Amino acid sequence: MNNMKKNRNVTIAIVDDEINIRRSIEVCLQSEGFSVCSFGNAFEALKGIRESSFDLVIMDIRLEEENGIDLYRKLKEEGLAPPTVFISGNSTLNEAANSVKAGAFDFIEKPFSPEKLLITVNNCIEFHKLKESLARYYREQPQEKLLGEHRTIETLKKEISRVAKTNATVFISGESGTGKELVAESLHAQGERSEERFTKVNCSAIPAALVESTLFGHVKGAFTGATSMKKGFFEVSDGGTIFLDEIGDMPLSSQASLLRVLESQEIQKVGSDKISKVDVRVIVASHKDLKQEALEGRFREDLYYRISIIPLTIPSLRERSSDIPLLVTQFISDICERNGIKEKTIDPQCFPIMSVYPWPGNVRELRNTLERMVILGGDVLSVRDLPIEIRSPKADQANENHLTLKEYRQKAEAQFILTRIDEFSGNISKVAKSLGMDRTHLYKKMAAYGIERKNTFDT
């Protein structure tokens, strides 16, 4: 992304009552690709900054109607003051010091060269970009990785790597709890916008009446309660990535507005007639079948085809049950670390039972289950620590429609053997005798179901 293109996304306001000064600054900044808006007095500047968003303000200290520092303080009180550079040709040293003390980034004395102006502007932009990145670093939790070695997950990882470097809209589908947010984060982290902002928006959590204001922003007085101008998620994500989760829950009226933004990369704040350009990579996700939703009139068909340029599907946990031991081991380690708990392990005899349970809540349900087990269980988590609905065939009857007859038989037999092993404290000779089979046959059964010989013995 070259400087001219990058600077196009930076909007600068110039506040000076001398028209020649304003024009010279405009020419200098526009030659470097910056978007510029000029105001000739404090009243126009106050109104313009309240209604629009600026990344930087270059302001004269001595304006005809009002002192520039007073105007800046007024904007700060309203929470609307962008990073500001003050300029002046007849200010005192005390005024220059006061401007910086008030919170301005810098002060430049007139007359100044174009080089001096551009250096100051670029320094200001980079400083606030670093400041925002640092704040984001402390605000965000460490990213989890997309774990798994099943062929479906390996294929998904390869698709993410290929797609991440592009700016194409990506549609992530999958059941609830499969990890759609992790896939979106991976796309952003591996892309060219990884240093920019990644914004997560849960569309199902936004009241229908506020969707457009939340996404695109609003101006003061746009509706009851709009006491000041507000940036929307698309505007604050300019240059970065926005992830619209559960897009299938977005109202049809808002879907039309979103389609216009995706087509034109232009936004219009609620209550404003001004059109602004944005450069945002869009990733969407839904657990719903949006094609079917479109056919039934609950989702716009044109929007469905627009967001489905690159479809990525996440498999359910039951489709990749061979990954459960890997996920369990990693999750237990993470849970112990985050909760300050001494490292715990799990009895491998749990794995056959966990592998045939259908996990309707997918990876999220698995992690929540393990967190409960870690907090309430002992140093070694056993079959008895598993929730009753997972280890009891009777309690699990509601989920039998997910299993084949062979899977159900295997699950029941594995659980029965594990129960007997537990009953006879791991004495294989007694377990085999109680089951009416020889020890060699029992060991073969245990190997087939992944039941390890750890904590068992012969007599």
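Hydrogens, waters and symmetry mates play no part in the numbers below; they use all other heavy atoms, side chains included. This is a predicted model, so every value here is computed, not measured.
- Distance alone, capped at 3.5 Å, places no donor-acceptor pair between the K269 side chain and the V219 backbone.
- Remark: side-chain polar atoms of S333 are not paired, donor with acceptor, to backbone N or O of Q330 under 3.5 angstrom.
- With rounding to the nearest 0.5 Å, the separation of CZ in F331 from CG in L326 is 9.0 Å.
- Although no hydrogens or angles enter the test, the distance criterion places a donor-acceptor pair under 3.5 Å between the side chain of K180 and the main chain of E175.
- Scanning all heavy atoms of the two residues, the minimum distance from F43 to N41 falls at N-OD1, 3.1 Å.
- In the model, S38 has a side-chain atom that pairs as donor or acceptor with a side-chain atom of E26 under 3.5 Å.
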Derivation of the side chain to side chain donor-acceptor pair (under 3.5 Å) call for E319 and S316: CA-CA 5 Å; E319 293 177 84; S316 64; 2.9 Å; yes

Go through R320 and L327 one step at a time and tell me if the side-chain contact (heavy atoms from CB on, under 4.5 Å) criterion holds. CA-CA 11 Å; R320 57 181 187 111; L327 292 168; 4.1 Å; yes

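- Ion pair R193/D279 flagged as a salt bridge, since at least one NZ, NE, NH1 or NH2 atom sits closer than 4.0 Å to an Asp/Glu carboxylate oxygen.
- Separation of atoms CG (D55) and NE2 (H128) is listed at 10.5 Å; rounding is to 0.5 Å.
- The local environment of NZ in K47 is sparse, with at most 12 non-hydrogen atoms from other residues, nucleotides or ligands closer than 6.0 Å.
- Between the NE2 atom in H150 and the OG1 atom in T155 there is a gap of 9.5 Å [rounded to 0.5 Å].
- Counting heavy-atom neighbours within 6.0 Å of F223 CZ, excluding the residue itself, gives a total above 12.
- Counting only distance, with no hydrogens or angles, the side chain of R281 and the backbone of T166 share a donor-acceptor pair below 3.5 Å.
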For L366 and Y357: C-alpha separation, side-chain torsions, deciding distance, then whether side-chain contact (heavy atoms from CB on, under 4.5 Å) applies. CA-CA 10 Å; L366 174 63; Y357 177 70; over 6 Å; no

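- Checking side-chain atoms of H287 against main-chain N and O of G177 turns up no donor-acceptor pair under 3.5 Å.
- Note that CG of N362 and CZ of R367 are 15.0 Å apart. Values are rounded to the nearest 0.5 Å.
- Considering CD1 of I69 and CE of M59, their distance stands at 10.0 Å, rounded to 0.5 Å.
- The neighbour count for K277 NZ, taken as heavy atoms of other residues, nucleotides or ligands under 6.0 Å away, is above 12.
- Using a 4.5 Å heavy-atom cutoff, the side chains of L56 and F105 are not in contact.
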When you look at L80 and K220, which way does the side-chain contact (heavy atoms from CB on, under 4.5 Å) test go after all the steps? CA-CA 12 Å; L80 299 175; K220 183 180 179 180; over 6 Å; no

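- Residues S194 and A189 share a closest heavy-atom pair of CB-O, 3.4 Å.
- Contact between L381 and C350 at its shortest, heavy atoms only, is O-SG, 4.0 Å.
- Closest non-hydrogen pair, T178 versus V363, comes out as O-CG2, 4.3 Å.
- The closest side-chain heavy-atom distance from L29 to I58 is below 4.5 Å.
- Of the possible donor and acceptor atoms, one in the side chain of R306 sits under 3.5 Å from a partner among the backbone N and O of L262.
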Might you work through the salt bridge (Lys or Arg N to Asp or Glu O under 4.0 Å) test for D249 and K288, ending with a clear yes or no? CA-CA 9 Å; D249 293 331; K288 295 180 178 180; 2.7 Å; yes

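- One finds a salt bridge joining K74 and E66 here, because a Lys/Arg side-chain nitrogen approaches an Asp/Glu carboxylate oxygen to under 4.0 Å.
- Side-chain atoms of N368 never come within 3.5 Å of backbone atoms of E365 as a donor-acceptor pair (strictly under, hydrogens ignored).
- Looking at S272, its side chain never comes within 3.5 Å of a backbone N or O of Q268 through a donor-acceptor pair.
- Annotation: the span from T241 atom OG1 to E185 atom CD amounts to 11.0 Å, rounded to 0.5 Å.
- Between D238 and K231 there is no salt bridge, since no side-chain N of the basic residue sits under 4.0 Å from a carboxylate O of the acidic one.
- Around CZ of R151, the count of heavy atoms belonging to other residues, nucleotides or ligands within 6.0 Å does not exceed 12.
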Evaluate R318 against S321 for side chain to side chain donor-acceptor pair (under 3.5 Å), listing each step before the verdict. CA-CA 5 Å; R318 62 182 170 275; S321 58; over 6 Å; no

Might you work through the side-chain contact (heavy atoms from CB on, under 4.5 Å) test for I160 and V170, ending with a clear yes or no? CA-CA 10 Å; I160 290 171; V170 179; over 6 Å; no

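- In this structure, the side chain of N202 engages the main chain of S204 through a donor-acceptor pair within 3.5 Å.
- In terms of modelled atom types and a separation under 3.5 Å, the side chain of D323 and the main chain of E149 share a donor-acceptor contact.
- Nearest heavy-atom pair across C28 and L118 is SG-CG, 3.8 Å.
- Of all non-hydrogen atoms in G148 and K157, the two that sit nearest each other are O-NZ, 3.0 Å.
- Counted within 6.0 Å of CD on E343, heavy atoms from surrounding residues, nucleotides or ligands total more than 12; the atom is thus considered enclosed.
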Intermediate values then yes/no, ring pair (Phe, Tyr, Trp, His ring centres under 6.0 Å), F86 and F107: CA-CA 5 Å; F86 279 106; F107 169 84; 7.9 Å; no

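- Ring-plane geometry between F39 and F54 is classed as perpendicular, the angle between the planes exceeding 60 degrees on a 0 to 90 degree scale with a lower cut at 30.
- Side-chain atoms of T199 and V280, non-hydrogen and from C-beta on, never get closer than 4.5 Å to each other.
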